[in-house]
Number of protein chains: 2
Amino acid sequence: MTTTSTSRRPATDEPGYDAFQAACPSRQLLDRISDKWSTLVLCALGGGDAGPAAGGGPADGVPRPMRYSELHRTLVGVSQKMLTQTLRTLERDGLVTRTVTPTVPVTVTYEVTELGLSLRTAVRAVKVWAEANVEAVTANRAAYDASVD
Amino acid sequence: MTTTSTSRRPATDEPGYDAFQAACPSRQLLDRISDKWSTLVLCALGGGDAGPAAGGGPADGVPRPMRYSELHRTLVGVSQKMLTQTLRTLERDGLVTRTVTPTVPVTVTYEVTELGLSLRTAVRAVKVWAEANVEAVTANRAAYDASVD
DNA sequence: CAGGATCCCGCTAGATACTG
DNA sequence: CAGTATCTAGCGGGATCCTG
């Protein structure tokens, strides 16, 4: 292992962001995006992922603009504070766009950006995994708890 | 609610877990696994992902057993409380295994299970995304903050 | 309709000290 | 070495009221 420059380190100046490091900005970013609401918002805006039986709906991965109220209805149980806060953060990070249409009652639509869409691919996999493996995990928990005497 | 079986529902008995629903177990599970420490632990145990310049290291996705202290060193900044707590939860959920070897000073090794490995694939993508796009996000934030007068 | 502003509770994460 | 136990500050996050 003397020659570490075999395949790693492309000799170029790699930024070298490492989430394992406490001070690395990617650590904070990971903490941000590793959030229940962020994940669900991104998934909702991504479209083609409305329910567990989805697949025959709209094309998967195609951004679908949604209104605030629509998101509020989709993410069952989310408070407006958390929804607004999440959306603000996502907007600030350039993951979603916020469009205000000055209609009679103001209309606000949110849409996932291209950057957000790339993250959505990743977090959607986590959401899908959770939905697919919740039964296995539940069973494991029961077995674990039973083995604890 | 007259006919909910419009176009969705493949006619088969789908379990129908939906993280968008507040009461759905998958929602809680999503909240669990959408955790900074869980993500990092899973990534660490997954192997082949030690640093930003990885890729030429050990085969990617091959579980690498790690000791407690090794994990503690890898996840810089984690408290033993959080590390222990995270490992316990992951073990309970059947995502990692805990092996105690009664040596002179006791030796405890953790290893990711097959189930955990499948999740690791998903969360690793999130971690990689964070490391890859942290600069873009930072730039977006600066632009957003600047536009707020 | 789409939030902003507050109040406040609970739980989590961190620091510290102790142990088999 | 690999935890457990305890304490506490901080803030995540819900409820509630108000507004353009």
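Here is the naming used below: chain letters follow the sequence lines, and residue numbers restart at 1 for every chain.
Inter-residue side-chain proximity for Glu111(A) and Thr99(A) is flagged as unmet; no heavy-atom pair is nearer than 4.5 Å. Tyr17(B) places a side-chain heavy atom less than 4.5 Å from the side chain of Pro25(B). Here the side chains of Leu30(B) and Leu40(A) are in contact, with some heavy-atom distance below 4.5 Å.
With distances taken from any side-chain atom of Arg88(B) to the nucleotides dA2(D), dT4(D), dA2(C), the minimum falls on dT4(D). Distances from the side chain of Thr84(A) to the nucleotides dG3(C), dA2(D), dA2(C) place dG3(C) closest.
Scanning both residues, Ser38(A) and Ile33(A), for their nearest heavy atoms gives CB-O, 4.4 Å. When all heavy atoms of Asp93(A) and Asn140(B) are compared, the pair lying nearest together is O-ND2, 3.1 Å.
Nucleotide dA5(C) holds its C1' atom 17 Å from the CG atom of Leu83(A), rounded to whole Å. Rounded to whole angstrom, the span from the CZ atom of Arg98(A) across to the C1' atom of dA2(C) amounts to 8 Å. Counting to the nearest Å, the C1' atom of dA2(C) and the CG atom of Leu87(A) are 11 Å from each other. Nucleotide dC11(C) holds its C1' atom 16 Å from the CD atom of Gln28(B), rounded to whole Å.
In this model, the phosphate group of dC1(C) is not approached by any side-chain N or O of Ser69(A) to a distance below 4.0 Å at OP1 or OP2. Between Tyr110(A) and dG3(C) there is a side-chain polar atom (N or O) within less than 4.0 angstrom of OP1 or OP2. Phosphate contact (OP1/OP2 of dA2(D), side-chain N/O of Arg67(B), threshold under 4.0 Å): present.
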#### Entry: Contact state string [nucleotides 13-20 of chain C, B base, S sugar-phosphate only, - no protein heavy atom under 4.0 Å]
BBBBB---
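Every residue two or more places apart in sequence or in another chain that forms a salt bridge (Lys or Arg N to Asp or Glu O under 4.0 Å) with Arg92(A) is listed here: Asp145(B). The side-chain hydrogen bond (donor to acceptor under 3.5 Å, both in side chains) test applied to Ser118(A) returns Trp129(B), not counting sequence neighbours.
Val148(A) belongs to a hydrophobic cluster whose other members, connected by ILVMFWY side-chain contacts under 4.5 Å either directly or through intermediates, are Tyr144(A).
Residue pairs satisfying the side-chain hydrogen bond (donor to acceptor under 3.5 Å, both in side chains) criterion with at least one member in residues 75-91 of chain B, sequence neighbours excluded, are listed as follows: Tyr68(B)-Thr84(B).
Pairs of Watson-Crick or G-U wobble type, with distances under 3.5 Å, assemble into runs of 3 or more in DNA chain D at these ranges: C:1-19 with D:2-20.
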